[in-house]
Amino acid sequence: MSPEDQSPVTRGAKFVGVLVALRAAARAVRGRAPGSPPPAPESDVDPSRRTVPANPRMEALVGVLLVAAAAFGFAFTVIYIVASANTQLLGIAMGGALCLLAVACIVAGKFVVPQETHVEERGPLLDEEQTEEVVTMVGEGGEGISRRALLVGAGGVAGVAVLTASAAPLASLGPTLNPLHQTPWARGVRLVDDQGRPFRAGDIHIGTFYTALPEGKDPESFGAGVLVVRLPAEFIQLPAARRDWAPDGILAYSKICPHAGCAISLYRYPTYAPTSQVPAFTCPCHYSTFLPGEGGRLVFGPAGRALPQLPLVVDGEGHLRAAAGFHEDIGPSWWGVHRAQS
Amino acid sequence: MNLIDRYAQRRFLRASRAAEQRVGLAGGIKWALRYVFPDHWSFLLGEIALYSFIVLVGTGIFLTLYYIPSDSLVIYHGSYPLLQGEQMSEAYRSVLNLSLSVPAGLLFRQVHHWAANVFIASIVLHLVRIFFTGAYRKPRDFNYFIGLTMLMLAILEGFAGYSLADDLLSGMGLAIAYSVAMSIPFVGAQLASLVWGGPFPGNSTFWPRLEIVHVLLIPAALAVLITLHLAMIMRQHHSQFPGPGRRERNVVGTPMWPAYALRSIGLLLAVAGVLFLLGGLVQINPIWQWGPFHPYLSENGAQPDWYIGWLIGALRLMPNWELVIAGRTVIPNPFWGGAAFPLFVFTVMFFWPALERRVTGDIRRHDLLERPRDRPMRTAVGAAFLSWVVIVFAVGSTDRIFYRLGVSYTTQIHVWRAGIWVLPLVVFFVTLSACRSLQRSGSHPLRAWQGNVVRRSADGRLEVLSDSPDRVVPPATEPPVGTVPGREFES
Ligand code: FES
């Protein structure tokens, strides 16, 4: 508006008037948009009230409750001193004291102190003027700057650079991924039990399973544990490439479920041929079920791969040894997991 | 006022003035004392969560003073005879000692564990209340997002907590968590190796990491978010149900001082009291029975804490799909149930307010809550979605059902793989019609009944009494004017 204008006030007022009308119209349209639910019912009753109970009997009750709470509280300390191993008594004493105190507070809050229903108006959250002022004030901080784009751009780049630099050392938390392909098993490693005693072929009986670990290697490493079973010939149908992986019908499989890494610890063996199913390992976490007689094939459950098999040999003294390491990765699947050739 | 009272009042005034000269907060305190809380039992769920958090912090401080985050192998020579001479991690031994040798140690540990279960349960119930009463609408959508974030953090926190014990059960849980991390397409292995410091079970830096996450990082984040959550509530005031004198632009309820403060302190004490009774009397997670974890051992019939149940269920229900392209395992199986499923559930919940705004075109501010029946579509969609998640949760205990009732596990899984899609549809339609009939009858969902109370007069005529339920023709709260029941979402 130019200062020469004859009626700046009138014009300004008109301008504002048009704005207000536009907004009102917009609001009305939006408010009556089809499908827009109408407001919840409002009520104009005045619910305000205040009553003073003046209730000596309730006061007495609160007093009694407080004394009882005190008794339980003291009891806790006494029990702690004389019978600190008695978790039940400690719990009753502390829980009792707190619960009695709670009841005392609630009784006092409902029946002793003044009861009031109060109405408070909610102010608007959005204050147009203030909001505009904030925006203006922030904007004014950049007054007189001509190379705004340069500064904002360079600032952004600097910010990203510094953030990247401070996040990069996170990588030093973890090592490389190579160990994911390694297990302690290799050609010639003996199978031992959790006390370190080597397994003989003759120790492995039909109808149960054994947990074996690699001799002289870290038993806590993920790939260490293997399942060992002996199966009668009629249950063994290995792929051609694995014909000699099971000397004397003894088979070994990784104990780590290829679904989500739990140790497999359930073994089903047919007890009555006409109705039973073939021997199978089952994982107790999500019940993936694998057939040891068929190279660890999955027959039920969520695992995406077969159970990895460890080739065995029996050495001259009758001990079980790995004929080679695993031919695929053990444990859960991931982007770079080496799957069995099938 | 008697002499003693007057003396006390004068002392109190003097002390207050001394404080005011230094902090100058009387105005704010006055505002806080008059702050109004609308009364409804369902508003206490959030408070229960808050108070469980306080109990968690208190008992947790006690526990950290005894915990040793170390995977060094030690031989047990403590007071529990059945584990004598067992090889175990120092972490597990420290929790055993805390439970069996430290005076009151077991009490605090069990209270802590119960409090964690109650904490997450009350958050979930609070979320259900928020959803079905439309309390997430503007201006409370920000706070709803904060709440959802806290729920995610709480689940993570609980999982980290029971993993710290390094017993057999928690070790299996960690193995699964590791596998889920590994299963994230492309970056999973890097991520898991970063967190665990190498292949599972990780190197010895993993334990201090897990501890610091559990005792500092997540609790600090939760504390900040709780503060924001409460500050936002105080700025906006609580929402309220419609009722006498209640309007969109006011809030009717009990002022903070004195009645509400006393009742709320009472609730805090009650929550703490019940948790101590549970911790003292009801055994939870007896880790000495599970034994130490070794990667080659596992336990049968293992069940995690309840809030992990939906993830176990999802992992169990999923068919054995794994996406392999050119020898690369792009999507390993645990990703579906362990990562994609919870991500989907939370994404839906995060986007719901925007979605509803889009569908209804309602962008106004709302401070009055809605009864579930008055928004049949929202209620039905919510109930169907909830039932979908609850079924997955229930599938997490199919092995217990097999064990207890003998229903074949495989049959159950096959049935639920179909049921998971059918049952929510049924729930949807049943809820929709239930809402509409409640809207028509205006009766209470649990106390609803049909009929008239009548009196027979001396000459044998029947007279319908005025307080007879079906006589009350306009229901206490009518469906909003202009709403065709069940049509609110149509344009
Ligand atoms: S970990 Fe074995 S089935 Fe999931």
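The sequence lines fix the lettering, A, B, ..., with proteins before strands; numbering per chain opens at 1.
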Most chain B-contacting option - heavy-atom pairs closer than 4.5 Å, from V113(A), D46(A), L125(A), V103(A): L125(A)
So CZ of F222(A) and OH of Y178(B): to nearest 0.5 Å the spacing works out to 6.0 Å
For F200(B), is it the side chain, the backbone, both, or neither that has a heavy atom closer than 4.5 Å to a heavy atom of chain A? both
To the nearest 0.5 Å, atom CG of L106(B) lies from atom CG of L90(A) at 9.5 Å
Counting heavy-atom pairs under 4.5 Å with chain A, which one of G327(B), P332(B), G313(B), S264(B) comes out on top? P332(B)
Between CG of L269(B) and CG of L98(A), what distance do you get to the nearest 0.5 Å? 6.0 Å
Flag the one option from G253(B), S101(B), G337(B), G279(B) with the top tally of heavy-atom pairs under 4.5 Å to chain A. G253(B)
Counting only heavy atoms not in K217(A), do more than 12 fall under 6.0 Å of its NZ? yes
Can you say whether L89(A) sits under 4.5 Å from chain B via the side chain, the backbone, both, or neither, judging by heavy atoms? neither
Checking side-chain contact (heavy atoms from CB on, under 4.5 Å) for the pair L298(A)/N320(B): CA distance, chi angles, key distance, verdict? CA-CA 9 Å; L298(A) 177 104; N320(B) 66 331; 3.1 Å; yes
Under 4.5 Å from any heavy atom of chain A - which part of Q303(B): neither
For the residue pair E322(B) and R339(A), establish whether any side-chain heavy-atom pair is separated by less than 4.5 Å. yes
Taking side chain as everything from C-beta outward and backbone as N, CA, C, O, which of these in V187(B) sits under 4.5 Å from a heavy atom of chain A? Side chain, backbone, both or neither. neither
Nearest heavy-atom neighbours spanning A263(A) and S298(B): O-OG, 2.6 Å
Which atoms of F293(B) are under 4.5 Å from chain A, going by heavy atoms: the side chain, the backbone, both sets, or neither? backbone
Could you state the interatomic distance from CD (E116(A)) to CZ (R34(B)), rounded to the nearest 0.5 Å? 4.0 Å
Residue selection (most heavy-atom pairs with chain A, distance under 4.5 Å) from T410(B), T329(B), V330(B): T329(B)
At a heavy-atom separation under 4.5 Å, does P258(A) approach chain B through its side chain, its backbone, both, or neither? neither
Check: S84(A) side chain, P103(B) main-chain N or O, donor-acceptor pair, under 3.5 Å: no
Check: P185(B) and W335(A) side chains under 4.5 Å, non-hydrogen atoms: no
For R365(B), is it the side chain, the backbone, both or neither that has a heavy atom under 4.5 Å from a heavy atom of chain A? side chain
So, S265(A) and E299(B): side-chain donor and acceptor under 3.5 Å apart, yes or no? no
Minimum heavy-atom distance F276(B)-M94(A), with the two atoms named: CD2-CG, 3.3 Å
Heavy atoms from other residues, nucleotides or ligands near CH2 of W321(B) exceed 12 (cutoff 6.0 Å): no
Region of L126(A) that comes under 4.5 Å of a non-hydrogen atom in chain B: neither
Under 4.5 Å from any heavy atom of chain A, what part of Y260(B) do you find: side chain, backbone, both or neither? neither
Turns out that what part of Q110(B) lies under 4.5 Å from chain A's heavy atoms comes down to side chain
Passing candidate, side chain to side chain contact (heavy atoms under 4.5 Å, CB included) with Y296(B), options V226(A), I256(A), D194(A): D194(A)
Geometric class of the Y409(B)/Y287(A) ring pair [parallel <30°, tilted 30-60°, perpendicular >60°]: tilted
Only pairs of heavy atoms separated by less than 4.5 Å count here; which of K110(A), Q182(A), Q88(A), H259(A) has the most with chain B? H259(A)
Heavy-atom pairs under 4.5 Å with chain A are the metric here; pick the option from A175(B), P201(B), A104(B), P295(B) that has the most. P295(B)
N333(B) versus G304(A), closest heavy-atom pair with distance: CB-N, 4.4 Å
Side chains of I176(B) and C285(A) in contact at under 4.5 Å (non-hydrogen atoms): yes
Between L191(B) and chain A, which part of the residue has a heavy atom less than 4.5 Å away: side chain, backbone, both or neither? neither
What's the separation between atom CD1 in I106(A) and atom CG in L262(B), rounded to the nearest 0.5 Å? 10.0 Å
Which atoms of A108(A) come close to chain B, meaning under 4.5 Å heavy atom to heavy atom: side chain ones, backbone ones, both, or neither? both
dist H286(A):NE2 -> D399(B):CG (nearest 0.5 Å) comes out at 10.0 Å
Side chain to side chain, L315(B) and P302(A), heavy atoms closer than 4.5 Å: no
R249(B) side chain vs G123(A) backbone, donor-acceptor pair below 3.5 Å: no
Assess the residue pair L73(B) and E220(A) against the criterion (side-chain contact (heavy atoms from CB on, under 4.5 Å)); give the C-alpha distance rounded to whole Å, side-chain angles, the decisive distance to 0.1 Å, and a yes or no. CA-CA 10 Å; L73(B) 288 175; E220(A) 303 294 318; 4.2 Å; yes
Answer key: most heavy-atom pairs under 4.5 Å with chain B among G261(A), P47(A), G225(A) is P47(A)
With chain B, the option among L100(A), L213(A), V107(A) that has the most non-hydrogen atom pairs under 4.5 Å is L213(A)
What part of D367(B) lies closer than 4.5 angstrom to a heavy atom of chain A: side chain, backbone, both or neither? both
What pair of heavy atoms forms the shortest contact from R122(A) to S239(B), and how long is it? NH2-CA, 4.0 Å
Heavy atoms, side chains only, cut-off 4.5 Å: are L281(B) and I92(A) in contact? yes
Quick check for you: among V251(B), L277(B), L107(B), which has the greatest number of heavy-atom pairs under 4.5 Å with chain A? V251(B)
Which portion of F76(A) sits near chain B, non-hydrogen atoms under 4.5 angstrom: side chain
Check this for me, if you would: do R247(B) and E121(A) make a salt bridge, where the nitrogen-to-carboxylate-oxygen distance has to be below 4.0 angstrom? yes
Can you tell me which portion of I312(B) sits under 4.5 Å from chain A's heavy atoms? Options are side chain, backbone, both or neither. both
Quick one: of M172(B), H294(B), Q87(B), M318(B), who has the most non-hydrogen atom pairs under 4.5 Å with chain A? H294(B)
Heavy-atom distance under 4.5 Å to chain A: side chain of H414(B), backbone, both or neither? side chain
Heavy-atom check, side chain of M182(B) versus side chain of L180(A), under 4.5 Å: yes
